[in-house]
Amino acid sequence: MSAPRGEFSSRFGFLMAASGSAVGLGNIWGFPTNAASNGGAAFLFTYLILAFALAYPALMAELIIGRHAKANAVTALRGLSTSPASRALGTTVGFAGMITVSFILSFYAIVSGWMMAYMLAAGADIVGANALSSWLQTPGLTRDSLFTVVFMMLTIAVVVAGVKHGIEKWASRLMPSLVVILVALIAYVMTLDGAMDGLRLYLVPDFSRVADTGLLLSAMGQAFFSLSLGVGTMLIYGSYISKRENLPALGGMVTLLDIAIAVTAGLLILPAMMVALNNGIQIYDDQGGLVAGPGLIIAVLPALFEQMGGAGMLVALAFFVLMTIASLTSSISMLEVPLSYLVETRSVSRRKAGVVLGAGIAVISLIIVFNFNVLFDLVVSLTTEYSQPLLGFFFAIFAGWIWNRNGILTEIKQGCEGAEYGLFWRIWPFYIRFICPLAILAVYVQMLFA
Ligand code: PHE
């Protein structure tokens, strides 16, 4: 049999690891621009409701299943099954989650590689190595392949060190640094001309947009991606939580932290974009929407930093350190999903599983790098828009329909005495049975007719 399972050593460690997984590129470039393009605070409002009404129950389903089974997603879902059909479904969903998360990691590593290249470029600027800096900032197959591989190696190094000594240790160091850097950057950007226009764009609601289906779709996709749902990440982190901890409270804190950091990132990104506009940098794309995603991070913001002169180099360094941290604490949670499966069911060592999986995923990343225009958007859209919510649907089916209520309650009561009288138990079972699956289906139906 394999070595004893890892466990987070403290509540703080779990919170940092799980919120580290949740807080990633999705929060920093996804949320703010999504909000600005979809009615500002109206989006924020819809997002908050969806995050608590849909994403939080779905997160809880994964955490509860994970801690109950103390195993990887495939074993966990099979264990809940009561018939050959549900066992087969469990295996399928577990495997589909592993495959999806591996593909998410394959594109995530490319973008994270860019973040590292820009971080080093800022460092090179500071020491006056201009040629190096401009190479680092110029897209190219060599640069992109190199940094994708370096980022994957970092991810592998943290994950193979173990749950406590790798994932928990690094998340506990990196997440607080992320918050400090984020706040410092906001404070600086607020002093620049144009920042207030950004705040207005972000925070003044256009409520006529709340009923907009496009807005609902983006808010829901954003919430699922941002909380790392549907692919077994939260399930596996849940499986490392001690039976003494109060799960509904922990899940609530992770949701709050994720939302808080996304909302806070908006206070940086949108003011920075309006400062850029004020300085004559183009921030709208051809369709008149705000430049979002990679274009925002590697075109708009670097142009802004460059205009800031000496201070800009430090700001750029801080910003890309922030992005690299956000990426790494997410990528390690992605690799842990297939790794835990190999370690637990094939008796492979963490080291071997990490290296083999990491190398395999890096190969997929390189294939994407070399066929970027054809593959990148396709992989992003298949994994995050289609696969993730669909798998979230099946996790809800497992928690709401296949597993029995008593089993769930017994699990929640560990670490949460009297759970059966609490608000959570009054509401959640209904949500996970009906509201979550129906809402996800509704999104699919809308997508088909959109
Ligand atoms: N939540 C991460 C982000 O916001 C992405 C992620 C998705 C992480 C799926 C793990 C699993 O960037």
Side-chain angles (χ1 to χ4, degrees), residues 15-35 47 51 55-56 58-59 62-63 66 72-73 94 96-112 114-115 151 155 158-159 167 171 174-175 178 182 218-238 251 254-266 269 292-294 296-297 322-341 357 361 379-392 395:
L15 281 176
M16 291 303 103
S19 61
S21 167
V23 172
L25 300 171
N27 298 58
I28 299 176
W29 81 32
F31 180 81
T33 40
N34 240 327
Y47 183 77
Y56 171 66
L59 168 68
E62 288 199 37
L63 292 181
N72 66 85
M98 281 192 271
I99 295 173
T100 303
V101 83
S102 304
F103 276 98
I104 294 181
L105 179 52
S106 73
F107 78 74
Y108 216 81
I110 300 175
V111 180
S112 308
W114 297 338
M115 299 303 117
F151 182 79
T155 304
V158 174
V159 175
I167 297 177
L174 294 174
M175 287 306 287
L178 177 141
L182 184 60
S218 352
M220 166 133 160
Q222 177 70 36
F224 262 79
F225 184 72
S226 189
L227 274 174
S228 314
L229 295 177
V231 289
T233 305
M234 288 301 182
L235 187 152
I236 196 67
Y237 274 15
V254 173
T255 310
L256 270 179
L257 277 171
D258 183 53
I259 295 175
I261 296 190
V263 172
T264 312
I269 299 295
L296 162 71
I297 306 287
L322 173 90
M323 295 304 284
T324 305
I325 293 177
S327 304
L328 187 63
T329 53
S330 296
S331 66
I332 55 181
S333 75
M334 298 177 197
L335 186 58
E336 182 65 19
V337 175
L339 182 138
S340 63
Y341 172 77
L357 287 165
I361 295 171
V379 175
V380 174
S381 143
L382 283 180
T383 52
T384 63
E385 286 169 23
Y386 293 90
S387 186
Q388 238 188 321
L390 186 65
L391 292 170
F395 275 104

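Whatever order the structure lists them in is the order used to number ligands and atoms, beginning at 1.
- Remark: ligand 1 atoms within the under-4.0 Å shell around heavy atoms of Gln388 are 9 (C).
- Ligand 1 places these atoms under 4.0 Å from at least one heavy atom of Thr233: 10 (C), 11 (C).
- The OG1 atom of Thr324 lies 10.0 Å from the CG atom of Leu174; values are rounded to the nearest 0.5 Å.
- Under 4.0 angstrom from ligand 1, the non-hydrogen atoms of Tyr108 all belong to its side chain.
- To the nearest 0.5 Å, the span separating CE on Met98 from OG1 on Thr233 amounts to 12.0 Å.
- Less than 4.0 angstrom separates some heavy atom of Ser21 from each of these atoms of ligand 1: 1 (N), 2 (C), 8 (C), 10 (C).
- For a threshold of 3.5 Å applied to N or O pairs, the pair formed by Leu25 and ligand 1 contains at least one separation below that value.
- For Asn27 (side chain) and Gly24 (main-chain N/O), a donor-acceptor pair under 3.5 Å exists by modelled atom type.
- At least one N/O-N/O distance between Phe225 and ligand 1 falls below 3.5 Å.
- Those atoms of ligand 1 that come under 4.0 Å of a heavy atom in Ser333, given as number and element, are 10 (C).
- Between the side chains of Ser331 and Thr155, a donor-acceptor pair is found at a separation under 3.5 Å.
- For atom 8 (C) of ligand 1, the closest non-hydrogen atom on the protein side is Ser228 OG, 3.3 Å.
- The residue Ala326 has no part lying near ligand 1, judged by heavy-atom distances below 4.0 Å.
- Proximity of the aromatic rings of Tyr47 and Phe31 is defined here by a centroid distance below 6.0 angstrom, and this criterion is met.
- The closest side-chain donor-acceptor pair between Ser330 and Ser21, if any, does not fall under 3.5 angstrom.
- When only interatomic distances are considered, the shortest N/O to N/O separation between Gly26 and ligand 1 falls below 3.5 Å.
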*Full working for side chain to side chain contact (heavy atoms under 4.5 Å, CB included) between Leu63 and Leu235*: CA-CA 5 Å; Leu63 292 181; Leu235 187 152; over 6 Å; no
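- Shown in contact with Ala22 at under 4.0 Å from a heavy atom are these atoms of ligand 1, numbered in order with element: 1 (N), 2 (C), 3 (C), 4 (O).
- Between Tyr386 atom OH and Leu391 atom CG the span is 14.5 Å, to the nearest 0.5 Å.
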